[in-house]
Amino acid sequence: MKILVTGGLGYIGSHTVIELITEGYQVVIVDNLVNSQIEMLAKIEKLAKQKIPFYQVDCTDENNLEEVFLDHQFSGIIHFAGLKAVGESVSLPLNYYYNNVTSTITLAKLAFKYRIEKFIFSSSATVYGDQKSPLIETMPQGVTTNPYGETKAISERILSDAAKINENFNVALLRYFNPIGAHKSGLIGELPTGIPNNLMPYITQTAKGIRKQLYVFGDDYDTLDGTGVRDYIHVVDLAKGHVAALKYNLSGAEIFNLGTGKGTSVFEIITAFERVNKIKIPYVVTERRAGDIAISYADPTKAQKNLNWRAELTIDDMVKDAWRFEKNLK
Ligand code: NAD
Ligand code: WQD
């Protein structure tokens, strides 16, 4: 079975490619390198112990993308390619809408044309908006607070409408919670460009001395210790969720939460990082970040039951693996 992985040189895509190959799938990667580097390919190939066909193509470019479909016959598509920085999406909304929505439409059109029956889409817990956790798939989409989140909500609706009119087009809308951590090898992990937006890369860069201190965005939320609570999931568990979705007999468009079901606060993450890695993280508490919600965690029951998948790695594994990767970076 040959799978097209768009955005396969990125953080989640690279880990998923390894899991797919471990499970015996053939993989073809498409990435335009807008947020990744070509060196990642050799690292993935080293871990996968095989060469992987790669195309430097933009998923919004239908003509060039079609060449890939002419070269290979795919039984599924996993569509990771997208821009993901929430703050940047507020200042560059047109880029975000164009890139994320157009690439989804373009791929879906090609999936129709080449009769590809499985389409797995990287959605996000952000589409729930500020509803009360545990967040469950039967809740309606919520109000998103930024263009990035809106591109995910729109893409979900586009793919759902497409699945309604084509019984051969089946879609898994995977709503990721907060992926952190890295591959055990320390070879691949999250590589943010510039100042990290997300908590874990900011912590690892602070541990390494690249950043002077961590800014904790608010300690006056209505949570156990006042800091924001999220459902952190190890990126390798998340990657395995994609393999589980491919194996599942999808029918139409189906939503699945990929989370652990457990909420962890910013202070708890800092404490775990310090305890496991034996490094102090200097931090100051600052203002809340605009658009942040207090609490977000999944009800992962549906994925556990239907996909026969469950997140297994702990917060300790996540902080340990994230630090191993950062330490190894030159
Ligand atoms: P990433 O930026 O590391 O990977 C995305 C990859 O897609 C990059 O290699 C980038 O170069 C590529 N890309 C972007 N636009 C492209 C285009 N038009 N054509 C071809 N390639 C393109 O991000 P990630 O963290 O691996 O996220 C993967 C997907 O999961 C994204 O769609 C993201 O929105 C979604 N997601 C991520 C998170 C998270 O916290 N990391 C959470 C929820 C959802
Ligand atoms: C986690 C917690 C912050 C940084 C975002 C996107 C979401 C998805 C995942 C892509 C919050 C706090 C953070 C820092 C802090 N992305 N924090 N200091 O905001 O839950 O989700 O990434 O799809 O769509 O919105 O993740 O890691 O940014 O924040 O105190 O320097 O850490 O306030 O409570 P978030 P995050």
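Counting convention: from 1, in listed order, for ligands and their atoms alike.
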Chemist: Please list, in number order, the atoms of ligand 1 under 4.0 Å from a heavy atom of V34.
Modeler: 10 (C), 11 (O), 13 (N), 14 (C), 15 (N)

Chemist: Mind checking whether K152 contacts ligand 2 via backbone (N, CA, C, O), side chain (CB onward), both or neither, at a 4.0 Å heavy-atom cut-off?
Modeler: neither

Chemist: What's the shortest heavy-atom distance between G259 and W309, and which atoms?
Modeler: O-CH2, 3.7 Å

Chemist: Using side-chain heavy atoms (C-beta onward) and a distance below 4.5 Å, is S160 in contact with L173?
Modeler: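 Yes - at least one pair of side-chain heavy atoms lies under 4.5 Å apart.
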
Chemist: I need the nearest protein heavy-atom contact for atom 39 (C) of ligand 1: residue, atom name and distance, please.
Modeler: P179 CG, 3.5 Å

Chemist: Backbone or side chain, does any N or O of D58 fall under 3.5 Å from an N or O of ligand 1?
Modeler: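 Among all N and O atoms of D58, at least one is under 3.5 Å from an N or O of ligand 1.
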
Chemist: I want to know if ligand 1 touches N35 in the polar sense, i.e. an N/O pair below 3.5 angstrom.
Modeler: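 Checking ligand 1 against N35, an N or O pair does fall under 3.5 Å apart.
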
Chemist: Can you find a pair of side-chain heavy atoms, one from M318 and one from Y232, that are under 4.5 Å apart?
Modeler: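 The answer is yes, as the side chains (C-beta and beyond) meet within the 4.5 Å cut-off.
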
Chemist: Do NZ/NE/NH1/NH2 and the carboxylate oxygens of E190 and K84 come within less than 4.0 Å?
Modeler: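 Answer for the salt bridge query: yes.
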
Chemist: First locate atom CZ of F273, then atom OG1 of T204, and finally report the distance between them rounded to the nearest 0.5 Å.
Modeler: 6.0 Å

Chemist: Report, in ascending order of atom number, the atoms of ligand 1 lying under 4.0 Å from any heavy atom of S123.
Modeler: 43 (C), 44 (C)

Chemist: Which ligand 2 atoms are under 4.0 Å away from a heavy-atom of Y215?
Modeler: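 What qualifies from ligand 2 is 14 (C), 15 (C), 18 (N), 30 (O), 31 (O).
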
Chemist: Give the atoms of ligand 1, by number and element, whose distance to some non-hydrogen atom of S122 is under 4.0 Å.
Modeler: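 In order of numbering, the contacting atoms are 29 (C), 30 (O), 32 (O), 35 (C).
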
Chemist: Can you name the atoms of ligand 2, numbered from 1 with element, that are less than 4.0 Å from a heavy atom of V86?
Modeler: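 Within the 4.0 Å cut-off of V86, ligand 2 contributes 6 (C), 25 (O).
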
Chemist: Taking the basic N atoms (NZ, or NE/NH1/NH2) and the acidic carboxylate oxygens, is any pair closer than 4.0 Å for E312 and K240?
Modeler: no

Chemist: What are the atoms of ligand 1, with element, lying closer than 4.0 Å to any heavy atom of V57?
Modeler: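 Result: 19 (N), 20 (C).
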
Chemist: Please indicate whether any nitrogen or oxygen in H79 is less than 3.5 Å from any nitrogen or oxygen in ligand 1.
Modeler: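 Among all N and O atoms of H79, none is under 3.5 Å from an N or O of ligand 1.
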
Chemist: Can you tell me if Y176 contacts ligand 2 (heavy atom of the residue under 4.0 Å from the ligand)?
Modeler: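 Under 4.0 Å: no for Y176.
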
Chemist: Please report whether ligand 1 has a polar contact with Y11, defined as an N or O pair separated by less than 3.5 Å (distance criterion only).
Modeler: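 Yes, there is a polar N/O contact under 3.5 Å.
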
Chemist: Evaluate V216 for polar contact with ligand 2, using N/O atom pairs at a separation under 3.5 Å.
Modeler: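 Such a contact does not occur with ligand 2.
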
Chemist: Looking only at distance, does A81 have an N or O less than 3.5 Å from an N or O of ligand 1?
Modeler: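 N/O-N/O distance below 3.5 Å does not exist for this pair.
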
Chemist: Is R175 positioned over the aromatic face of Y128, cation under 6.0 angstrom from the ring centre and no more than 45 degrees off axis?
Modeler: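 Yes, a cation-pi geometry holds between R175 and Y128.
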
Chemist: Tell me, which protein residue and heavy-atom name are nearest atom 22 (C) of ligand 1, and how many Å apart are they?
Modeler: N32 OD1, 3.0 Å

Chemist: Do the side-chain N and O atoms of T314 and D316 include a donor-acceptor pair separated by under 3.5 angstrom?
Modeler: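 Their side chains do not contain a donor-acceptor pair, so the 3.5 Å distance test is not met.
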
Chemist: Short question: side chain of D219, backbone of T227 - any donor-acceptor pair under 3.5 Å?
Modeler: no

Chemist: I12 versus ligand 1: do any nitrogen or oxygen atoms come within less than 3.5 Å of each other?
Modeler: yes

Chemist: Taking 4.0 angstrom as the limit and counting only heavy atoms of D292, give me the atoms of ligand 2 inside it, by number and element.
Modeler: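 Counting from 1, the qualifying ligand atoms are 3 (C), 19 (O), 33 (O).
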
Chemist: Please write down residue, atom name and distance for the protein heavy atom closest to atom 4 (O) of ligand 1.
Modeler: G10 CA, 3.4 Å

Chemist: Any idea how Y215 and Y202 line up, ring-wise: parallel (<30°), tilted (30 to 60°), or perpendicular (>60°)?
Modeler: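 Y215 vs Y202 ring planes: perpendicular.
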
Chemist: What's in the same ILVMFWY side-chain cluster as I295, cut-off under 4.5 Å, chained through other members?
Modeler: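 V229, Y297, which link up through side-chain heavy atoms under 4.5 Å apart, make up the rest of the cluster.
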
Chemist: K84 to ligand 2: N or O pair under 3.5 Å?
Modeler: no

Chemist: Side chains of D231 and T260: any donor to acceptor distance under 3.5 Å?
Modeler: yes

Chemist: Run the numbers for me: atoms of ligand 1, each under 4.0 Å from some heavy atom of S36, listed by number.
Modeler: 8 (C), 9 (O), 11 (O)

Chemist: What atoms of ligand 2 come closer than 4.0 angstrom to any heavy atom of N178?
Modeler: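 Once the distances to N178 are compared, the set is 20 (O), 21 (O), 26 (O), 35 (P).
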
Chemist: Answer yes or no: does atom NZ of K2 have more than 12 heavy-atom neighbours from other residues, nucleotides or ligands under 6.0 Å?
Modeler: yes

Chemist: Of all the heavy atoms in K152, does at least one lie under 4.0 Å from an atom in ligand 1?
Modeler: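 Contact check K152 vs ligand 1: positive.
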
Chemist: Using a plain distance cutoff, I'd like to know if Y202 has any nitrogen or oxygen under 3.5 Å from a nitrogen or oxygen of ligand 2.
Modeler: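 No: no nitrogen or oxygen of Y202 is under 3.5 Å from one in ligand 2.
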
Chemist: Measure the distance from atom 24 (P) of ligand 1 to every protein heavy atom, then report the residue, atom name and distance (to 0.1 Å) of the closest one.
Modeler: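 Atom 24 (P) of ligand 1 sits closest to the protein heavy atom K84 NZ, 3.8 Å.
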
Chemist: Yes or no: does N100 have any heavy atom under 4.0 Å from an atom of ligand 1?
Modeler: no

Chemist: Among M200, R275, E274, R324, find the one that has a side-chain contact (heavy atoms from CB on, under 4.5 Å) with V319.
Modeler: M200

Chemist: Please state whether the rings of F121 and H79 are parallel, tilted or perpendicular, taking 30° and 60° as the class boundaries.
Modeler: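 Tilted, since the angle between the ring planes falls between 30° and 60°.
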
Chemist: Pairs of nitrogen or oxygen atoms closer than 3.5 Å, one from S103 and one from ligand 1: do any exist?
Modeler: no

Chemist: Short N/O distance, under 3.5 Å, between F217 and ligand 2?
Modeler: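 In this structure, F217 places an N or O atom under 3.5 Å from an N or O of ligand 2.
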
Chemist: Within the structure, does Y148 bring an N/O atom to less than 3.5 angstrom of an N/O atom in ligand 1?
Modeler: yes

Chemist: Report yes if the side chains of V30 and L65 come closer than 4.5 Å at any heavy-atom pair, otherwise no.
Modeler: yes

Chemist: Which residue and atom name correspond to the protein heavy atom nearest atom 18 (N) of ligand 1, and how close is it?
Modeler: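 Among all protein heavy atoms, the one nearest atom 18 (N) of ligand 1 is N99 OD1, 2.7 Å.
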
Chemist: What is the nearest protein non-hydrogen atom to atom 5 (C) of ligand 1, stated with its residue, atom name and distance?
Modeler: G82 O, 3.9 Å

Chemist: For R230, counting its heavy atoms only, list the atoms of ligand 2 lying under 4.0 Å from any of them.
Modeler: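 Those of ligand 2 that fall under 4.0 Å from R230 are 1 (C), 11 (C), 20 (O), 34 (O), 35 (P).
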
Chemist: What orientation do F74 and F69 show, parallel under 30°, tilted 30 to 60°, or perpendicular over 60°?
Modeler: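 F74 and F69: perpendicular rings.
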
Chemist: Looking only at distances, can you tell me whether any N or O atom of F80, backbone or side chain, sits closer than 3.5 Å to an N or O atom of ligand 1?
Modeler: yes

Chemist: Can you find an N or O of C59 that's nearer than 3.5 Å to an N or O of ligand 1?
Modeler: yes

Chemist: Could you tell me whether D317 and K184 have a side-chain N and a carboxylate O separated by less than 4.0 Å?
Modeler: no

Chemist: Is the backbone N or O of L9 less than 3.5 Å from a side-chain atom of D31, with the two atoms forming a donor-acceptor pair by type?
Modeler: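 It does hold such a pair.
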
Chemist: For residues 40-50, tabulate all N or O donor-acceptor pairs below 3.5 Å that involve a side-chain atom, not counting sequence neighbours.
Modeler:
unit_1	atom_1	unit_2	atom_2	d
E45	OE1	K51	NZ	3.4
E45	OE2	I52	N	2.8

Chemist: How far is atom 11 (O) of ligand 1 from the closest protein heavy atom, and which atom is that?
Modeler: D31 OD1, 2.7 Å

Chemist: Taking it one step at a time, do H72 and Y55 satisfy ring pair (Phe, Tyr, Trp, His ring centres under 6.0 Å)?
Modeler: CA-CA 12 Å; H72 303 272; Y55 294 80; 5.8 Å; yes

Chemist: Using a 4.0 Å cutoff against the non-hydrogen atoms of L33, which atoms of ligand 1 qualify?
Modeler: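 That gives atoms 11 (O) of ligand 1.
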
Chemist: What atoms of ligand 2 come within less than 4.0 Å of a heavy atom belonging to R289?
Modeler: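 Answer, ordered by atom number: 3 (C), 19 (O), 28 (O), 29 (O), 36 (P).
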
Chemist: Heavy atom under 4.0 Å from ligand 2: found in V266's side chain, backbone, both, or neither?
Modeler: side chain

